[in-house]
Undergrad: 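Quick one: this structure, given as structure tokens, is what I'll be asking you about.
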Number of protein chains: 2
Amino acid sequence: MASDHTRTAILSAAERLYADRGFGDVTLRDIVAAADVNLAAVNYHFGSKDELIAELFVTRSLATNRERLNELKLAEEAGGGRASIDAILRALVGPTLRGCLGPERERSTAARFMIRASIESVPPIRRIKNREIDHLRKFAAAMKRSLPGRSEVDLYWGLHFALAMAHQTIRDSERLTKLSEGSCDLNDVEGVIDRVVAVSVMALTGGETKIAEKVGAQRAR
Amino acid sequence: MASDHTRTAILSAAERLYADRGFGDVTLRDIVAAADVNLAAVNYHFGSKDELIAELFVTRSLATNRERLNELKLAEEAGGGRASIDAILRALVGPTLRGCLGPERERSTAARFMIRASIESVPPIRRIKNREIDHLRKFAAAMKRSLPGRSEVDLYWGLHFALAMAHQTIRDSERLTKLSEGSCDLNDVEGVIDRVVAVSVMALTGGETKIAEKVGAQRAR
DNA sequence: GATAGTTTCATACAATTGTTTGAATTGCAA
DNA sequence: TTGCAATTCAAACAATTGTATGAAACTATC
């Protein structure tokens with residue numbers, strides 16, 4: 001490989017086009033035109049369109065996961081091996097939200113690409129997301145250390161809900177903005193993170209009896 | 001229209017195929033083959049493929065919205081015009097979750113179709129979802145009546161988070177099952193609803209000071 | 001039972017798409 | 001320079017897809 005020029009030109013053109021127009025209506029011809037390379041170059045360098053998309057997604061995905069684990073490590077070190085549940089959840093949802101939210105005009109191509117990936121969910125990306133579980137398991141383990149008294153089921157539900165709130169906020173920030181007529185400030189990223197974390201922490205700690213009673217009562221029906 | 005036979009055959013074949021195999025790889029030819037009608041029938045009866053998909057989705061969507069509003073009305077009548085926040089949120093997320101969750105083998109075609117629609121988010125469906133805001137506004141109004149002391153921003157966030165938890169649970173129940181190695185019982189639909197509602201209620205009531213402090217502190221940075 | 005309107009049908013259209021091919025070009029090492 | 005591998009290129013391939021067409025079949029009304 002003399003110089004990655006063609007390869008990187010394809011990658012960045014593809015990321016930008018997918019970010020701008022979605023996976024649905026961007027063709028390889030659009031990409032090679034924007035990258036100013038030959039059509040066959042995509043298959044030569046990546047094998048197929050899906051593998052190109054996959055490479056784009058794994059790159060950004062691994063970066064986010066690294067940030068998450070790094071924040072988790074810092075939190076655990078600060079807590080002498082046991083991080084607070086607040087810090088754990090913050091490490092989980094913080095990098096994703098910071099990466100995708102914020103003033104629309106300031107959003108990087110990478111951010112917009114990841115938002116698209118979150119909304120459209122095309123097959124090659126779905127396949128990769130399915131392998132994300134090992135990564136999440138590390139957070140589940142940390143949560144278990146942080147809240148040893150809590151049942152595993154509750155922890156998993158808490159983790160699930162935290163991710164749900166974060167992802168839906170990314171995916172559908174527009175709806176919340178419209179619904180609230182702009183009064184919910186999605187540009188205040190740290191404020192959003194605080195909200196998601198606060199609710200998640202409450203789900204995992206505050207409502208112990210409440211949830212246990214309700215779910216118990218439900219099951220006994 | 002002598003008999004809707006062709007029309008309904010197309011609708012139910014399409015719903016089943018989309019439910020089973022997703023929007024991505026079901027063609028009009030697949031649908032007409034399954035419905036045992038002519039290819040041109042789709043364009044004749046629906047105008048276009050997208051309009052067919054739209055009709056499928058609006059039908060199910062309106063049904064869910066009716067259920068939601070009905071539950072809301074019952075709750076408000078029971079509370080003398082002011083429903084409890086618990087009941088409001090239950091009316092919001094209950095119908096959707098009941099419609100889409102439950103034992104996989106017992107799921108109706110309609111349920112599986114709506115799960116697909118939630119996962120794949122194809123353009124005609126996205127367009128319809130964007131018009132859902134008026135419907136949600138009714139729940140926001142009910143919540144406002146139920147929790148007059150709460151700021152509107154908090155209410156919108158609570159509504160947003162409730163829907164986030166419900167939808168992510170539908171969209172990604174598989175991940176939660178795998179992550180928890182089956183210990184999170186997603187077949188206990190009422191139990192799931194209880195969890196979502198309980199967390200949402202806590203988000204809207206329990207943590208008032210906590211969230212206010214945190215968000216406030218954050219904003220002051 | 002003729003007629004007008006509706007519905008069905010086979011077929012073709014037109015455009016798009018990812019992929020492949022084989023030759024040309026380039027870059028680098030011997 | 002020569003030779004070889006890597007890369008680029010134009011062109012074509014092959015398959016799919018939604019849609020349009022115009023004739024045929026059907027239905028119900030008068």
Side-chain angles (χ1 to χ4, degrees), chain A residues 1-58 113 116-117 120-128, chain B residues 1-58 113 116-117 120-128:
Chain A
M1 78 180 84
S3 91
D4 282 343
H5 170 267
T6 303
R7 228 187 107 87
T8 49
I10 291 172
L11 282 172
S12 74
E15 185 171 52
R16 184 169 54 78
L17 287 178
Y18 284 140
D20 287 345
R21 292 158 42 190
F23 296 98
D25 58 326
V26 170
T27 69
L28 289 190
R29 283 168 177 80
D30 294 332
I31 294 171
V32 299
D36 198 36
V37 302
N38 187 271
L39 174 58
V42 173
N43 288 277
Y44 179 78
H45 284 281
F46 299 93
S48 71
K49 183 196 186 187
D50 278 9
E51 288 172 87
L52 167 60
I53 294 177
E55 171 148 348
L56 282 172
F57 185 72
V58 297
F113 174 82
R116 281 285 179 196
E120 295 196 12
S121 176
V122 75
I125 290 182
R126 265 203 297 276
R127 278 191 284 275
I128 294 164
Chain B
M1 79 183 78
S3 93
D4 282 343
H5 172 267
T6 303
R7 229 187 106 86
T8 50
I10 291 172
L11 282 171
S12 74
E15 184 171 52
R16 185 170 53 78
L17 287 177
Y18 285 140
D20 287 344
R21 292 159 40 190
F23 297 98
D25 58 328
V26 171
T27 70
L28 289 190
R29 283 166 176 82
D30 293 333
I31 294 171
V32 298
D36 199 36
V37 301
N38 187 271
L39 174 58
V42 173
N43 287 277
Y44 178 78
H45 284 281
F46 300 93
S48 71
K49 183 196 187 186
D50 278 10
E51 288 172 88
L52 166 60
I53 294 177
E55 172 148 348
L56 282 171
F57 185 72
V58 297
F113 173 83
R116 282 284 179 196
E120 295 197 11
S121 176
V122 74
I125 291 182
R126 263 203 298 276
R127 277 191 284 273
I128 294 164

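Computed from a prediction, not measured in an experiment: that's the story for all the values here. The chains referred to below are lettered A, B, ... by the order of the sequence lines, with proteins before strands, and numbering in each begins at 1.
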Undergrad: Strictly under 4.0 angstrom, non-hydrogen atoms only: write out the protein contact profile of nucleotides 17-26 of chain C, one letter per nucleotide from the 5' end, B, S or -.
TA: BBBBB-----
Undergrad: Rounded to the nearest angstrom, tell me the gap between atom CG in B/L52 and atom C1' in D/dT17.
TA: 15 Å
Undergrad: Enumerate donor-acceptor pairs with a distance under 3.5 Å from any side-chain N or O in residues 38-48 of chain B to protein atoms, sequence neighbours excluded.
TA:
residue: B/N38; atom: OD1; partner: B/A40; partner atom: N; Å: 2.8
residue: B/S48; atom: OG; partner: B/E51; partner atom: N; Å: 3.2
residue: B/S48; atom: OG; partner: B/E51; partner atom: OE2; Å: 3.1

Undergrad: Once salt bridge (Lys or Arg N to Asp or Glu O under 4.0 Å) is applied, do any residues pair with A/R16, and if so which ones, sequence neighbours excluded?
TA: none
Undergrad: Closer than 4.0 Å, any side-chain N/O of A/T6 to the OP1 or OP2 of D/dT8?
TA: yes
Undergrad: Under the rule for side-chain contact (heavy atoms from CB on, under 4.5 Å), what residues qualify as partners of A/S121, not counting sequence neighbours?
TA: A/R126, B/I119
Undergrad: Filter on side-chain hydrogen bond (donor to acceptor under 3.5 Å, both in side chains), then keep only pairs touching residues 21-30 of chain A, sequence neighbours left out; what's left?
TA: A/R21-A/D30, A/T27-A/D30
Undergrad: Is the distance from OP1 or OP2 of D/dT8 to the nearest side-chain N or O of A/H45 less than 4.0 Å?
TA: yes
Undergrad: Partners of B/R127 by salt bridge (Lys or Arg N to Asp or Glu O under 4.0 Å), sequence neighbours excluded?
TA: B/D50
